[in-house]
Amino acid sequence: MRAKHSANDQIVQVGARVRSIVWFRGKDLRLADHQPLAAGIAAGEVLPVFIFDPYFFAPERAVQMGHRIQFLLESAQALKAALQARGSDLICLRGASFDRLAELSRAWSADRVLATRWSERFGRKRDDSIASRLQVPFHVFEGETLMPPGDILTASGQAFRVFTPFWRAFQRVFELKAPLPRPERLPSLPPEILALDEGIPGLEELGVVANERLIRGGEQAAWSRLDTFLRGPADRYVKGRDRLDQEGTSRLSADLKFGLLSPRQVWWAIETAEARPGGGAAFQRQLVWREFSHHSLWHWPDLLERPFRADFEGFPWLEDPAGWQAWVQGQTGYPVVDAAARQLLVEGFVHNRARMIAASFLTKHLGIHYQRGEAHYMRYLVDGDWAQNNLGWQWSAGCGCDAQPYFRVFNPTLQGQRFDPAGTYVRQWVPELARLPKRWIHEPWNAPESVLLDAGVTLAKDYPKPIVEHRAARARFLATAKAHLAQRKGLSP
DNA sequence: ACGGGCTTGTA
DNA sequence: ACAAGCCCG
């Protein structure tokens, strides 16, 4: 006998009672605009499940991405609470995804399993394997992106390699549909299924040290961030987004990564805002950069292993252990580069422009492989996403899809002066320079002795002298890149 | 197949 | 202007 349902559910009960397991997989931790969930509810009974697979959640894996684990666990807790408040629950299991899923499917006599697609190669492989081994149908839904990866092609049916034509094509074909509402009630779960719940693991259990400085997870927190963005920064976005010293960006990257918000909900919120924000279109363009990264990774799954530009293969990157350590710890002597490094470790977040400055410095000034920077960012970023992080690093290194030309090397002093004019960002993250006047905040090595003295800064003691000289480092990279690319060109037919 | 055009810049 | 080059219609 089925549990009692609200009036709404009675209506559904009249139809076929299809039993759908809705498998939440960490990129769709929300109730609103959730296509598998909505499809499940429309068809009958729903069993929401999350599986803590050791592939991600074994302690030795979890510590490799502690910030994201913390954010995900918080978001899963919020999801569980929201499902409980609506008469259902999030059944949490531990172990190998396929085994636990198959077991649950048998225990509940499920008719099918529904989930949101992951576009990375290993996600696709996992889904193929699950579909072929599961006794019941396995349906994956789109929704991680605005358009399904692979759906936007050039006139000749090829993948785009340059953003702007992709953006134009996107605007031509994208049709915005209203996001699905958040379900008010869900069918309840039988006691024998509720009894299978193994709960959400705690951080300690996974060997992860809690970090109080991270943004909060959960669907509600995400909506509050979206609201904050729409109330201010969205209107000033065109210029404000580049400012390191202001709250000029959306701060929605982690919400989109974990699917606390779908990109469609965010796009819709911009479109339907009472006062259309002045920076709405510019922000939507940024959302399409997110699309571009997912589409690119879909077309070229080995981007995670190799440079997009084949002529960068075999590039003579340097080891430079001392340079690497300085870059990681924020001790390069370039204030804005160091601020970015420290913000990453402390907050698990870095302003987009600061990411570019940091990436340019690591790859060009230090000549260190972009993949090392990419991996370091993946380790600490709350919003760390394979597709986007990889695109960003390859773009910065000059070897990526639509990359900046290799000879365009960011000058960290100029970037700092332009986008953090008063040095507010630097002062926050490099407090040993806090008393330096803004004239010298981005180039303390040029400050007069008396100024340094007044600011209480002794270079090489309180704060390092630059570990490389900008002009020399720039020249070294250009010479190396030029020689390497010329050689590669000579090798190719 | 020709040519306009190309996220985030520097000197 | 530029230390190039090539995407895409």
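Lettering of chains follows the sequences in order, A, B, ..., and the numbering in each one begins at 1.
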For the pair made of [atom1] in [X] and [atom2] in [N], what is the distance, rounded to whole Å?
X      : N      : atom1 : atom2 : result
A/R471 : B/dA11 : CZ    : P     : 9 Å
A/I152 : C/dG9  : CD1   : P     : 12 Å
A/R309 : C/dC7  : CZ    : C1'   : 13 Å
A/F407 : C/dA1  : CZ    : C1'   : 11 Å
A/W393 : B/dT8  : CH2   : P     : 19 Å
A/D402 : C/dC6  : CG    : P     : 14 Å
A/L485 : C/dC6  : CG    : P     : 10 Å
A/H484 : C/dG5  : NE2   : P     : 14 Å

Plane angle bin for [Y] and [X] - parallel if under 30°, tilted between 30 and 60°, otherwise perpendicular:
X      : Y      : answer
A/F229 : A/Y237 : perpendicular
A/W23  : A/F138 : tilted
A/F56  : A/W386 : tilted

Side chain of [X] only, heavy atoms from C-beta on: which candidate in [options] is closest?
X      : options              : result
A/V162 : C/dC8, B/dA11, C/dA4 : C/dC8
A/D242 : B/dT8, C/dG9, B/dT10 : B/dT8
A/R161 : C/dC8, B/dG9, C/dA4  : C/dC8
A/F160 : B/dT8, B/dC6, C/dG9  : C/dG9
A/Y406 : C/dG9, B/dA11, C/dA4 : C/dA4

Near-ring test A/H376/A/Y380, centroid separation under 6.0 angstrom:
yes

Secondary structure of DNA chain C in dot-bracket form (Watson-Crick or G-U wobble, distances below 3.5 Å, | marking inter-strand pairs):
||..|||||

Looking at A/E142 and A/K177, is there a salt bridge between them, counting it only when a charged N and a carboxylate O are closer than 4.0 Å?
no

Within the structure, does a side-chain N or O atom of [X] lie under 4.0 Å from either OP1 or OP2 of [N]?
X      : N      : result
A/R168 : C/dG9  : no
A/N411 : B/dA11 : yes
A/H351 : B/dT8  : no
A/Q415 : B/dT10 : yes

More than 12 heavy atoms of other groups within 6.0 Å of A/E305 CD
yes

Does A/R264 qualify as a cation-pi partner of A/W268, given the criterion of NZ or CZ under 6.0 Å from the six-membered ring centre and within 45 degrees of its axis?
no

C/dA4 and B/dG5, which share atom name P, separated by this distance in whole Å:
23 Å

Suppose you measure atom C1' in C/dC8 against the same atom in B/dA1; what distance do you get, rounded to whole Å?
12 Å

Quick one: which of A/R30, A/R225, A/R182 gives a salt bridge (charged side-chain N to carboxylate O under 4.0 Å, His left out) with A/E219?
A/R182

Name the nucleic acid region contacted by A/R418, choosing base, sugar-phosphate or nothing; use a 4.0 angstrom heavy-atom cut-off, strictly under.
sugar-phosphate

